Amino acid sequence: MGDAYVNSGQYVKAIESYLKAIKFKHDFHEAYYNMGVAYANLGQYENAIKSCQNAIDIKSDYHEAYNNMGVSYANLGQKGQALQCYLKSQALGGDAYNLACWYAVEGQKTEALRWLRQALDKQQISLTHLAQDADWDGLREDAEFKALVANY
């Protein structure tokens with residue numbers, strides 16, 4: 001289906017594939033979610049949000065959709081909505097990493113490190129990715145950040 005297109009960076013073809021799938025199965029929440037991922041990769045964040053909301057309307061505890069919706073809101077500069085999505089995703093069992101990043105970017109060190117610790121404990125993120133993620137540039141020289149990372 002469209003997953004192969006997403007994995008190969010063919011996002012427009014992926015969206016077309018997911019739209020066809022949804023025509024046959026209107027409650028296919030994974031198709032809506034994956035279509036949201038494809039839209040986000042194209043920079044079409046409003047469409048990504050709508051697709052993720054459709055997935056959530058079908059499956060209200062779909063933490064991946066809340067997380068992806070949070071990323072799209074963040075990319076649109078809608079910080080409050082992004083935070084609410086990340087918190088909801090995490091409360092439903094989703095990864096803590098994007099929540100940690102949100103707090104890091106906002107300069108809220110205590111919360112950022114709290115959620116980063118959880119993400120590292122659960123192996124939700126690699127140290128390689130963390131080292132390359134610009135969201136942490138403001139904390140890289142912080143002693144608490146360095147000590148936390150040194151434990152992993």
Side-chain angles (χ1 to χ4, degrees), residues 1-23 25-120 122-140 142 145:
M1 189 170 71
D3 297 348
Y5 291 128
V6 169
N7 293 336
S8 66
Q10 298 179 56
Y11 304 118
V12 173
K13 285 186 178 184
I15 292 166
E16 292 169 357
S17 178
Y18 293 128
L19 286 170
K20 288 178 186 175
I22 291 165
K23 283 183 182 180
K25 187 172 192 251
H26 300 290
D27 63 346
F28 193 5
H29 65 277
E30 294 98 335
Y32 282 109
Y33 165 74
N34 287 320
M35 190 165 52
V37 171
Y39 277 127
N41 279 297
L42 289 170
Q44 296 180 22
Y45 302 117
E46 293 89 356
N47 287 332
I49 291 166
K50 289 175 190 172
S51 293
C52 288
Q53 186 59 58
N54 285 333
I56 292 165
D57 289 345
I58 296 165
K59 186 175 187 319
S60 62
D61 64 344
Y62 199 17
H63 65 80
E64 294 94 339
Y66 280 104
N67 188 58
N68 193 53
M69 196 161 48
V71 171
S72 293
Y73 276 126
N75 281 308
L76 290 171
Q78 298 178 22
K79 296 176 184 180
Q81 292 90 334
L83 176 60
Q84 292 307 310
C85 288
Y86 293 145
L87 288 168
K88 182 71 172 183
S89 174
Q90 203 287 320
L92 292 170
D95 292 353
Y97 186 69
N98 282 338
L99 184 55
C101 289
W102 189 92
Y103 282 116
V105 168
E106 292 301 307
Q108 296 183 34
K109 181 178 94 170
T110 302
E111 287 298 306
L113 296 181
R114 172 181 158 220
W115 292 108
L116 177 59
R117 181 177 295 107
Q118 183 175 354
L120 290 168
K122 294 182 177 182
Q123 299 178 343
Q124 296 170 344
I125 190 70
S126 71
L127 290 177
T128 302
H129 180 83
L130 179 62
Q132 298 170 355
D133 191 338
D135 289 348
W136 297 96
D137 288 352
L139 288 172
R140 288 205 199 283
D142 181 84
F145 175 81

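The structure displayed is predicted, hence computed values, not measured ones.
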Looking at Ser17 and Lys13, would you say the former's side chain and the latter's main chain have a donor-acceptor pair under 3.5 Å? no
Ignoring hydrogens, what is the shortest heavy-atom contact between Ala55 and Ala65? Give both atom names and the distance. CB-CB, 4.2 Å
Residue pair Ala96 / Gln124: nearest heavy atoms and the distance that separates them: N-OE1, 2.8 Å
At their closest point, which heavy atom of Ala74 faces which heavy atom of Tyr86, and how far apart are they? CB-OH, 3.8 Å
Nearest atoms (heavy-atom pairs only) where Trp102 meets Gln108: CZ3-NE2, 4.1 Å
One thing to verify: whether Asp61 and Lys59 come together as a salt bridge, which I'm taking to mean a side-chain N less than 4.0 angstrom from a carboxylate O. yes
Please tell me if the side chains of Trp136 and Leu116 come closer than 4.5 Å, counting only heavy atoms from C-beta onward. yes
Interatomic distance, CG@Leu42 vs OH@Tyr11, rounded to 0.5 Å, equals 7.5 Å
Looking at side-chain heavy atoms only, is the closest gap between Leu120 and Arg117 below 4.5 Å? no
In Å and rounded to the nearest 0.5 Å, what is the CG to CH2 distance from Leu87 to Trp115? 7.0 Å
What is the minimum heavy-atom distance between Ala82 and Gly70, and which atoms define it? CB-O, 3.4 Å
Are Gln90 and Tyr66 side-chain neighbours, meaning at least one heavy-atom pair lies under 4.5 Å? no
Approximate separation, where rounding is to 0.5 Å, of Leu130 CG and Asp135 CG: 10.0 Å
Rounded to the nearest 0.5 Å, the CG atom of Leu99 sits from the CD atom of Gln118 at a distance of 8.5 Å
What are the two closest non-hydrogen atoms of Ala48 and Gly36, and how far apart are they? CB-O, 3.3 Å
Non-hydrogen side-chain atoms of Met35 and Ile22 separated by less than 4.5 Å: yes
Do Ile125 and Asp133 touch side chain to side chain, with heavy atoms closer than 4.5 Å? no
State the CD1-OG distance between Ile56 and Ser89, to the nearest 0.5 angstrom. 9.0 Å
Rounded to the nearest 0.5 Å, the OH atom of Tyr39 sits from the SG atom of Cys52 at a distance of 11.5 Å
Are more than 12 heavy atoms from other residues, nucleotides or ligands located less than 6.0 Å from atom NZ of Lys25? yes
Hey, does Lys50 have a side-chain heavy atom less than 4.5 Å from the side chain of Gln53? no
Hey, are the side chains of Leu83 and Glu106 touching, using non-hydrogen atoms and a 4.5 Å cut-off? no
Quick one: does any side-chain atom of Asn67 pair with a main-chain N or O of His63 as donor and acceptor, under 3.5 Å? no
With a 4.5 Å limit on heavy-atom distance, are the side chains of His129 and Tyr97 in contact? yes
Picking from Ile49, Leu76, Asn98, Val37, what satisfies side-chain contact (heavy atoms from CB on, under 4.5 Å) with Val71? Asn98
